[in-house]
Amino acid sequence: MSEPRHRAAAAPLPSPLVGALRELARTRRLLVALDFDGTLAPEVDSPEKARAIPEAREAVLALLKLPNTRVALVSGRALRSLIEVSDLPDNVLLVGSHGIELRLDDPDDRVSLDTAEIEQVEVLQEVLGEVADSIDQVWLESKPAGFALHTRLATDDNSRLAHLVALSEAQAEIENLTVRHGKNVLEFAVRSTTKGEAVEHLRRYTAADAVFYAGDDVTDEDAFAALLSHDVGVKSGPGATEAAFRVAGPDEVALVLKTLATFRSGDVHEQ
């Protein structure tokens with residue numbers, strides 16, 4: 001699915017969401033945490049080509065200029081990939097691989113696997129590599145503590161087959177393997193973390209009084225579940241969710257972020 005040449009204008013935000021953003025903007029110390037793919041950027045066939053839509057990037061940059069406001073990207077992407085596609089200033093906090101990798105204010109924050117985990121990753125590479133090589137249009141992406149098996153370009157039958165075989169063979173080889181089901185991707189990790197744990201860590205790290213979180217994927221549900229009653233969660237796109245609010249996609253997420261930045265800067269306009 002490639003990004004369309006001409007996107008429709010973002011739909012107006014529902015009044016309850018506007019009210020929640022207005023209240024959230026008054027928070028003393030605010031953390032704005034965001035998924036990337038499907039949230040700031042449209043889903044594309046080639047992950048390395050994903051980019052945040054201009055309106056979303058501008059809204060993030062506006063939030064970064066505000067006092068007592070931290071912005072974080074919380075992604076399933078490997079940190080290296082997230083840095084490349086997001087193309088944002090260094091004061092954006094980055095969480096890659098669902099929380100396994102961190103780039104906070106110390107650029108040296110990284111993941112380090114122990115010997116047993118390194119051996120498990122090697123086994124996983126052999127098992128999943130065979131699956132990817134044997135099924136058309138299925139490919140493997142390396143992650144710091146595992147791999148992602150991508151089936152976006154495969155037929156429905158081949159996608160189902162790849163998932164079934166990969167799950168069966170990987171779990172037969174490695175005990176306590178973490179498996180995450182995403183959109184046309186199956187992720188395997190030898191170390192267990194979730195986006196919910198990442199949000200909790202970021203909340204403590206930034207000493208945030210409230211958190212805004214937006215995401216589109218099944219893996220973002222852990223983050224929504226970690227939100228408190230005074231936080232705000234926004235689901236981007238369709239699907240069951242624990243988020244209190246939903247918008248259609250990245251265009252509307254950009255409008256949400258712009259609205260939050262406007263309210264927080266003190267330049268409040270009626271929607």
Side-chain angles (χ1 to χ4, degrees), residues 20-21 24-25 27-41 50-53 55-111 143-144 180 193-217 219-228 230-236 242-243 245 247 250 253-254 256-261 263-264:
L21 294 173
L24 189 69
T27 300
R28 181 164 174 256
R29 290 187 300 271
L30 178 63
L31 168 65
V32 178
L34 307 162
D35 176 43
F36 186 77
D37 298 281
T39 302
L40 297 181
R51 294 294 184 274
I53 64 172
E55 296 84 354
R57 189 172 191 277
E58 289 169 9
V60 168
L61 293 175
L63 286 164
L64 285 170
K65 295 177 182 177
L66 299 176
N68 299 314
T69 306
R70 297 304 306 266
V71 178
L73 298 187
V74 182
S75 175
R77 284 179 179 265
L79 185 60
R80 179 182 64 257
S81 173
L82 184 59
I83 291 171
E84 291 174 356
V85 298
S86 63
D87 188 29
L88 288 169
D90 289 342
N91 58 332
V92 174
L93 306 174
L94 298 181
V95 177
S97 303
H98 303 281
I100 293 176
E101 295 182 288
L102 301 172
R103 191 199 75 182
L104 304 181
D105 294 308
D106 180 355
D108 293 327
D109 286 333
R110 291 292 187 273
V111 63
K143 297 290 186 78
R180 297 184 183 89
T193 58
T194 69
K195 289 184 177 181
E197 292 169 337
V199 166
E200 291 172 347
H201 179 76
L202 288 169
R203 186 196 298 274
R204 293 190 299 269
Y205 178 80
T206 60
D209 297 304
V211 175
F212 172 90
Y213 188 89
D216 78 305
D217 200 78
T219 59
D220 294 301
E221 292 305 310
D222 290 320
F224 292 134
L227 298 181
L228 305 178
H230 58 281
D231 298 330
V232 174
V234 175
K235 166 81 169 182
S236 174
E242 292 196 36
F245 301 99
V247 296
V253 171
V256 168
L257 297 176
K258 180 181 178 181
T259 301
L260 179 58
F263 287 163
R264 193 153 174 79

Under 3.5 Å, side chain of [X] to main-chain N/O of [Y], donor-acceptor pair present?
X	Y	result
Glu101	Leu79	yes
Asp209	Arg29	yes
Lys143	Gly76	yes
Arg103	Val92	yes
Glu84	Ser81	no
Thr69	Pro67	yes
Ser236	Gly38	yes
Arg57	Asp87	yes

Where [X] and [Y] come nearest, the two heavy atoms and their spacing:
X	Y	result
Leu202	Ala72	CD1-CB, 3.7 Å
Pro250	Ile53	O-CD1, 3.5 Å
Ala78	Ser97	CA-OG, 3.6 Å
Ala261	Leu66	O-CD1, 3.8 Å
Val74	Ala33	CG2-CB, 4.2 Å
Arg264	Leu24	NH1-O, 4.3 Å

Legend entry - Nearest-0.5 Å distance that lies between atom CG in Leu21 and atom CG in Leu260: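 Result: 5.5 Å between the selected atoms.
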Legend entry - Distance, nearest 0.5 Å, that separates CG of Leu64 from CG of Asn91: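 One gets 5.0 Å once the value is rounded to the nearest 0.5 Å.
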Would you say that [X] contacts [Y] through its side chain, given a criterion of any heavy-atom pair below 4.5 Å between the two side chains?
X	Y	answer
Leu93	Thr206	yes
Thr259	Val256	no
Glu58	Leu61	no
Tyr205	Leu31	no
Leu227	Phe212	no
Glu221	Lys235	yes
Phe245	Val232	yes
Leu104	His201	yes

Inset, instruction - Applying side-chain contact (heavy atoms from CB on, under 4.5 Å) between Leu73 and each of Ile83, Leu40, Val95, Thr39, report the one that passes. - result: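 Testing Leu73 for a side-chain contact (heavy atoms from CB on, under 4.5 Å) against Ile83, Leu40, Val95, Thr39 leaves exactly one candidate, Leu40.
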Inset, instruction - Can you spot which of Leu30, Leu88, Leu63, Leu257 makes a side-chain contact (heavy atoms from CB on, under 4.5 Å) with Val71? - result: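 The side-chain contact (heavy atoms from CB on, under 4.5 Å) with Val71 is passed solely by Leu63 among Leu30, Leu88, Leu63, Leu257.
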Legend entry - Pairing of Asp37 and Arg77 as salt bridge, 4.0 angstrom limit: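 Salt bridge flag = yes for Arg77 with Asp37.
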Legend entry - Note: Lys195-Asp222 ion pair, threshold 4.0 Å (strictly below):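 No salt bridge links Lys195 with Asp222.
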Inset, instruction - Look at atom CZ of Arg80 and say whether more than 12 heavy atoms of other residues, nucleotides or ligands are closer to it than 6.0 Å. - result: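 Atom CZ in Arg80 is not packed in, count stays at 12 or less.
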Inset, instruction - Using side-chain contact (heavy atoms from CB on, under 4.5 Å) as the criterion, list what pairs up with Glu200, not counting sequence neighbours. - result: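 Counting only residues at least two positions away or on another chain, Glu200 forms a side-chain contact (heavy atoms from CB on, under 4.5 Å) with Arg204, Ala226.
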